[in-house]
Each structure stands twice: as C-alpha cells, then as structure tokens.
*Asks:* 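Before we start, here is the structure in question, set down as structure tokens.
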Amino acid sequence: MSAPPRAVELGLVGCTVCGQVCRAPGPLAQAACPRCGAVLRRRKAGSLARSWAFLIAAFIFYIPANLLPIMRTVSLGDVDDNTILSGVVELWVKGSPDLAVIVFAASIMVPMLKFVVLATLLVCAQRRSRWAQVQRARLYRLVDLIGYWSMLDVFVVSLLTALVRFGFFSEVEPLPGVIYFGLTVILTMLASMSFDPRLTWDTDKDAP
C-alpha cells in the first residue's frame, strides 16, 4: 500500500496563521493567504535554529529556577524560603497533597517532558528521520497543547499571594526563582511555536 500524497506533491500549502489550505506559491513567488493575508511558506524559515536556541535558553534558565527559592512564607514569625522541590515537600507535609501533586507535575514533570520531546523532535527533523513520524506528530500536538498549562506553578504562587490578602496565610512572597521559571515556560513555548511540524514529514528523498 503506497503512502498518501503529501501536500507539496499536490501543490498545496497550509497557512500557518489560520490553517487555510491554499495553492502553493512558486519557488520565488510571494503569495498571501486569501483568508487572513499572512505570507504562505512551505516551511518556516530558520525553524530548527530558532527552536534549538529557545530550547537551550529555556534549559539554562530552568537550572536557577530549581536552585533559587521560588516562594517565601512567613507564619508567626517563622520565615521559610522554598525552592520548587522543597515547596512540593512543604505542601505535602502541611496537608495539601493535591496541591503538591499539581505543583510537582507542572513544575518538574511537564518541563522535563517538554525538554525531552522537543529535543527528540528537533534531532529527528534535523536528521530527516522516518522513525515514528505519526507518533512524533502526535507528540508535537501534545506539547503544543500543554504549553500554556506549564504556567500553573506561577499561577499557584500568585494564588497563594492573593490569598494572603484575604487573611488565609500570614504572608507569602514570590522570590526570584519564579521569574526564572516563568522565563523557562515562555522560552519552551517559543521553541514549540518556532518548530515547523511539517519538517516531521520531510525525508532526504522528498524534502522540498
């Protein structure tokens, strides 16, 4: 059974902004999407280089995000600075296991998963590999979907800070670790957005 034809073989291209499928421009032509007016391209220019740059920068910021304290709690004169991991332990010990699991998943599991998946996608695309193309396409959609939820840890700190104003806690103050973590999330989202998923289907034989 032969593989289904690719869009490039049918002379079609998808708009990266609105998703409209259009007739592909010629090699030197500049065509615009008839629906939203965005420039049509068969591939995003410099996709691999920009994705690698954002991903490496995100990983660099992820180190201080875990080493520096992310939140300070003050209760009855007791000052306690917590990193992400110690904050998870603190929440668990203080009787909030649900919140501890959410913070652990959003702050440790999801970022590490995104680093591994994006690096795998980039390496495979760079090598024009045919390995698990369908699964890689699904992984990209998953990473793209969960990208915004990676800010959940920042939201938790913001929520705790807001609760203080209503008297539920003595005092909660965000510390520099949360800034590095926010930068990590933003950079991984930029890496995901810079990656052109159509590269997944390019091989040495049929790449444009």
Side-chain angles (χ1 to χ4, degrees), residues 1-25 31-33 35-36 38-63 65-66 102 104-155 180-208:
M1 181 178 176
S2 61
R6 303 167 69 238
V8 67
E9 296 165 350
L10 298 175
L12 301 174
V13 62
C15 176
T16 55
V17 177
C18 70
Q20 172 79 14
V21 177
C22 315
R23 185 60 57 186
C33 173
R35 182 159 65 183
C36 69
V39 176
L40 293 175
R41 295 187 178 91
R42 289 193 173 92
R43 297 292 181 269
K44 293 180 182 177
S47 170
L48 290 176
R50 282 187 288 114
S51 297
W52 271 121
F54 284 130
L55 187 63
I56 292 171
F59 185 76
I60 291 173
F61 280 118
Y62 190 58
I63 296 172
N66 280 276
I102 291 173
F104 179 79
S107 305
I108 305 294
M109 289 182 59
V110 171
M112 294 305 297
L113 179 67
K114 289 179 70 175
F115 286 138
V116 172
V117 170
L118 284 173
T120 302
L121 293 175
L122 286 167
V123 169
C124 290
Q126 206 158 12
R127 300 181 65 178
R128 297 181 180 273
S129 170
R130 292 178 181 271
W131 173 74
Q133 287 171 299
V134 174
Q135 290 78 8
R136 283 158 47 199
R138 290 173 179 164
L139 277 176
Y140 174 75
R141 288 196 290 270
L142 177 65
V143 168
D144 199 43
L145 176 67
I146 65 177
Y148 301 98
W149 292 97
S150 301
M151 292 292 283
L152 195 59
D153 193 61
V154 180
F155 295 153
Y180 286 103
F181 185 81
L183 289 172
T184 300
V185 173
I186 292 170
L187 288 169
T188 53
M189 289 170 63
L190 290 174
S192 173
M193 293 166 64
S194 299
F195 179 71
D196 192 337
R198 293 171 294 191
L199 293 172
T200 301
W201 307 101
D202 288 348
T203 64
D204 288 330
K205 172 178 170 294
D206 52 13

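Below, all heavy atoms of this structure are taken into account, side chains as well, without hydrogens, waters or symmetry copies.
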*Asks:* In Å and rounded to the nearest 0.5 Å, what is the CD1 to OH distance from Ile108 to Tyr62?
*Replies:* 4.0 Å
*Asks:* Looking only at non-hydrogen atoms, find the nearest pair between Ser194 and Lys44 and report the distance.
*Replies:* O-CD, 3.7 Å
*Asks:* Name the orientation class of the two ring planes belonging to Tyr140 and Phe195 (parallel below 30°, tilted from 30 to 60°, perpendicular beyond 60°).
*Replies:* tilted
*Asks:* CG/Leu122 to OG/Ser47 distance, rounded to the nearest 0.5 angstrom?
*Replies:* 7.5 Å
*Asks:* Measure the spacing between OG of Ser129 and CG of Asp202 and express it to the nearest 0.5 Å.
*Replies:* 12.0 Å
*Asks:* So do Val116 and Met112 actually touch side chain to side chain, heavy atoms under 4.5 Å?
*Replies:* no
*Asks:* If we only count heavy atoms from C-beta on, is the Val185 to Met189 side-chain gap below 4.5 Å?
*Replies:* yes
*Asks:* What pair of heavy atoms forms the shortest contact from Ala105 to Pro111, and how long is it?
*Replies:* O-CD, 4.3 Å
*Asks:* I want to check something: taking the side chain as every heavy atom from C-beta on, are Val123 and Trp52 in contact at a cut-off of under 4.5 Å?
*Replies:* yes
*Asks:* Return the CG to CZ distance between Leu40 and Arg23, rounded to the nearest 0.5 Å.
*Replies:* 12.0 Å
*Asks:* Taking side-chain contact (heavy atoms from CB on, under 4.5 Å) as the definition, give me every residue that meets it alongside Leu183, ordered by chain and number, with sequence neighbours left out.
*Replies:* Phe61, Ile179
*Asks:* With a sphere of 6.0 Å drawn around CZ of Phe115, does it hold more than 12 non-hydrogen atoms of other residues, nucleotides or ligands?
*Replies:* yes
*Asks:* Which pair of non-hydrogen atoms, one from Leu187 and one from Ala58, has the smallest distance, and what is that distance?
*Replies:* CB-CB, 3.6 Å
*Asks:* To the nearest 0.5 Å, how far apart are CG in Leu142 and CZ in Arg138?
*Replies:* 11.5 Å
*Asks:* To the nearest 0.5 angstrom, please state how far the CZ atom of Arg128 sits from the OG1 atom of Thr200.
*Replies:* 11.5 Å
*Asks:* Please collect all salt bridge (Lys or Arg N to Asp or Glu O under 4.0 Å) contacts where either partner lies in residues 187-201, sequence neighbours excluded, each pair once.
*Replies:* Asp196-Arg198
*Asks:* Decide yes or no for Cys124 and Arg136: does some side-chain heavy atom of the first lie under 4.5 Å from some side-chain heavy atom of the second?
*Replies:* yes
*Asks:* Is there a donor-acceptor contact under 3.5 Å from the side chain of Ser192 to the main chain of Thr188?
*Replies:* no
*Asks:* Show the nearest heavy-atom pair for residues Ala125 and Leu48, with the distance to one decimal.
*Replies:* CB-CD2, 4.0 Å
*Asks:* I'd like to check Leu118 versus Phe59 (side-chain heavy atoms, cut-off strictly below 4.5 Å). Are they in contact?
*Replies:* no
